[in-house]
A.B. asks: 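If you scroll down you'll find the structure; I have some questions about it.
Here is the naming used below: chain letters follow the sequence lines, and residue numbers restart at 1 for every chain. Every heavy atom of this structure was used, including side-chain atoms; hydrogens, water molecules and symmetry mates were not.
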2 protein chains.
Amino acid sequence: MSSLAEIARICGVSVGAASKALSGKAGVSEATRQRILSVAAQHHYRPNRLVHAIQSGRSMTVGLTCNDFRNDFSGRIVEGMLEALYGADYDAIVISWDLCVHEGEKVLRTFAERRVDGLLMFPPADQPSQAYLQELKTFRRPIVVVDQTFAGVEDYDFVGSRDFEGGGLATEHLIGLGHRDIANLYYGKTSTGRARLEGFREAMQRHGLPVRGNWLAEIGRYDGNLDEPYELARRLLSQKDRPTALLAFNDPVAVQVLAAAHDLGVRVPEELSVVGFADLKMASHIRPRLTTVAQNPDELGRRAAARLLSRIGEDGNGSAADGPGVVERVPVSLVVRDSTRPPARGA
Amino acid sequence: MSSLAEIARICGVSVGAASKALSGKAGVSEATRQRILSVAAQHHYRPNRLVHAIQSGRSMTVGLTCNDFRNDFSGRIVEGMLEALYGADYDAIVISWDLCVHEGEKVLRTFAERRVDGLLMFPPADQPSQAYLQELKTFRRPIVVVDQTFAGVEDYDFVGSRDFEGGGLATEHLIGLGHRDIANLYYGKTSTGRARLEGFREAMQRHGLPVRGNWLAEIGRYDGNLDEPYELARRLLSQKDRPTALLAFNDPVAVQVLAAAHDLGVRVPEELSVVGFADLKMASHIRPRLTTVAQNPDELGRRAAARLLSRIGEDGNGSAADGPGVVERVPVSLVVRDSTRPPARGA
DNA sequence: CTGAAAGCGCTTACAG
DNA sequence: CTGAAAGCGCTTACAG
């Protein structure tokens with residue numbers, strides 16, 4: 001990789017002159033500038049941005065920790081982020097959240113040592129260690145938490161979805177169809193899961209409908225296989241007094257509900273209405289097409305990145321010191337498809 | 001962010017001494033070292049890795065371009081890469097491939113300016129511009145292409161799956177079940193799609209079975225909605241002489257085939273056997289569970305990263321100059337589930 | 001054991 | 001218009 005010094009030497013000028021010529025600054029004759037420019041192009045000269053980062057104190061990079069890239073939801077969040085960052089000439093250094101949980105402090109140290117200008121945290125359900133939270137405190141740069149909150153990050157900016165409203169929307173939809181016996185397969189370990197459940201509860205209460213204990217199932221372990229959600233759904237649907245409708249934590253869980261119903265011979269939507277959450281691509285691909293609460297992951301990612309960039313712009317290490325973070329909630333909307341319909345039997 | 005100079009000043013030593021103490025080098029008394037260490041810890045001193053990158057000529061970062069993070073396949077590749085990189089104390093600067101296609105040269109320039117030590121390219125179907133390929137040539141660092149090849153990158157190292165064998169495996173499975181009338185919904189725009197089709201062709205030929213033109217459908221446009229694959233499947237299955245089995249380009253396409261079959265009232269697997277490719281999570285979640293050719297994306301990612309790291313280790317700008325790149329093919333395997341069974345009517 | 005100096009690749013005031 | 005020098009934050013020979 002040819003250096004400025006080489007270019008300067010070839011052109012017979014000082015590095016200072018070469019620097020000015022290449023950066024478009026005044027102080028060199030047009031002839032000299034052209035000569036330098038052409039030599040630089042010939043030699044594929046690429047200015048070393050690391051130097052600029054050191055000199056300016058801005059690395060023009062942000063750290064990005066993501067829980068998993070395996071689904072259409074987090075993937076689109078990441079894409080939204082990358083898009084917004086790219087537009088601001090920023091790049092992302094990406095580390096998977098798994099590593100954050102297991103070696104969290106080390107990961108944060110890496111980010112600090114690489115002098116990222118800010119941090120985008122897309123956390124999963126697993127609560128990070130105390131050491132991690134501790135290290136976060138000493139991370140003197142803006143942080144934006146995305147989608148999910150957890151204990152210890154209340155002070156940072158947050159961009160998420162209107163999960164509570166989403167839970168309400170889904171419930172209202174089912175109640176509007178005439179359902180009264182509504183089950184909920186929720187994921188209490190995450191802030192989103194709890195909010196959706198609360199939205200459900202509140203809507204049920206508003207309509208004077210009871211939330212029955214045996215129609216409430218909590219997912220304890222959420223992994224890629226989704227074995228537990230499947231089993232829970234199966235158990236729930238095997239009961240004598242089966243619900244006529246079910247709200248799932250999200251689309252993948254809803255797919256497990258469909259699978260369990262299928263395996264038990266319970267027809268959807270004839271005998272059971274199912275609502276998901278997220279509106280992943282799969283939701284409209286499977287049969288029956290899934291009714292779900294659509295989120296806007298791209299927007300989530302873009303807004304999170306935009307907020308971080310604006311914090312970085314504010315300068316003055318806009319970290320926790322500034323007091324409680326700003327909370328932004330992206331709207332959700334109900335998408336009605338084929339997995340819901342009025343109940344067959346009277347409630 | 002406190003600097004070494006500050007730490008040194010506080011301790012009343014030279015920066016040189018502080019540097020030695022913190023890096024564990026000899027040349028400072030144990031007492032001094034301890035003092036420096038404790039002051040550094042108190043002030044949350046984080047060495048500036050950008051400086052180290054400049055001094056050593058190694059940034060300990062690699063560029064990673066990915067076509068889309070939206071699915072379980074590419075996501076797991078990326079995770080495999082991040083895992084391997086992290087183990088070698090490397091980090092990834094991630095840019096989405098979309099940007100590579102549209103502003104490819106600019107993206108590569110960014111990587112060059114950030115002095116990444118190598119490049120992991122996970123390309124999609126879209127052929128990048130000439131300007132991009134041109135810029136690639138002047139990128140004097142190792143490059144590893146993953147999963148998919150395209151014209152102009154034959155000289156770089158490549159890590160992909162045994163797509164050809166996979167196509168053969170799937171076909172042999174169907175033939176073994178007694179199918180003779182096998183359709184193929186393929187994606188000719190990608191190297192993987194072409195290889196799978198060839199594997200199919202070769203297997204059919206080996207068994208003396210004809211590949212019928214009207215049972216061969218090429219996907220022209222592959223996007224997230226998969227509207228075209230759905231339509232193609234629908235048309236294919238609406239023919240008078242319907243095939244008894246169908247090979248899909250990949251799992252998402254197979255899901256569209258299931259949807260089309262469902263919508264036409266064609267029962268799977270009773271009237272139609274369907275085989276996918278990839279073994280995404282969804283494959284075992286949907287009903288009927290999908291028979292598919294399993295790939296190993298994590299391994300793909302890990303191997304690609306390992307190969308890149310080894311090239312970087314070799315030093316001497318191991319780029320195209322070294323002649324044709326090494327090609328590595330990760331094995332695939334058939335996973336038989338519920339979407340395939342012997343044909344009902346005689347062939 | 002400790003400090004002063006050079007150097008990594010650049011930019012930016014400051015002299016000629 | 002052009003060059004020499006200082007400085008960004010560090011490391012590493014080289015003197016004391």
A.B. asks: Sugar-phosphate means primed atoms, P, OP1 and OP2; the rest is base. With that split, encode nucleotides 4-16 of chain D 5' to 3' as B, S or - using protein heavy atoms under 4.0 Å.
C.D. replies: ---BBBBBB----
A.B. asks: Which residue pairs satisfy the salt bridge (charged side-chain N to carboxylate O under 4.0 Å, His left out) criterion with at least one member in residues 16-25 of chain B, sequence neighbours excluded?
C.D. replies: none
A.B. asks: With sequence neighbours excluded, tell me which residues meet side-chain hydrogen bond (donor to acceptor under 3.5 Å, both in side chains) with A:T138.
C.D. replies: none
A.B. asks: Could you write out DNA chain C as dot-bracket? Rules: Watson-Crick or G-U wobble, both distances under 3.5 Å, brackets [ ] for crossings, | for pairs with another strand, dot for unpaired.
C.D. replies: |||.||||||||.|||
A.B. asks: B:S14: which residues meet the side chain to side chain contact (heavy atoms under 4.5 Å, CB included) condition with it, sequence neighbours left out?
C.D. replies: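 Testing B:S14 for side chain to side chain contact (heavy atoms under 4.5 Å, CB included), a comparison that skips the adjacent residues, returns B:A17.
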A.B. asks: Which residues in residues 26-40 of chain B have a heavy atom closer than 4.0 Å to any atom of DNA chain C?
C.D. replies: B:G27, B:V28, B:S29, B:T32
A.B. asks: Suppose we screen for side-chain hydrogen bond (donor to acceptor under 3.5 Å, both in side chains). Which residues come up paired with A:R49, at least two apart in sequence or across chains?
C.D. replies: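 Per chain and number, A:R49 pairs via side-chain hydrogen bond (donor to acceptor under 3.5 Å, both in side chains) with B:E113.
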A.B. asks: Sequence neighbours left out, what passes salt bridge (charged side-chain N to carboxylate O under 4.0 Å, His left out) with A:D91? Give chain and number order.
C.D. replies: B:R114
A.B. asks: For A:S191, what residues pass the side-chain hydrogen bond (donor to acceptor under 3.5 Å, both in side chains) criterion, not counting sequence neighbours?
C.D. replies: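 So A:S191 forms a side-chain hydrogen bond (donor to acceptor under 3.5 Å, both in side chains) with A:Q148, A:T149.
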A.B. asks: With side chain to side chain donor-acceptor pair (under 3.5 Å) as the rule and sequence neighbours excluded, what pairs involving residues 300-309 of chain A come up?
C.D. replies: A:E299-A:R302, A:E299-A:R303, A:R303-A:E328, A:R307-A:E328
A.B. asks: Using the test salt bridge (charged side-chain N to carboxylate O under 4.0 Å, His left out), find all partners of B:R329 that sit at least two apart in sequence or belong to another chain.
C.D. replies: B:D163
A.B. asks: Sequence neighbours left out, what pairs pass side chain to side chain donor-acceptor pair (under 3.5 Å) with at least one residue falling in residues 35-46 of chain A?
C.D. replies: A:R46-B:E135
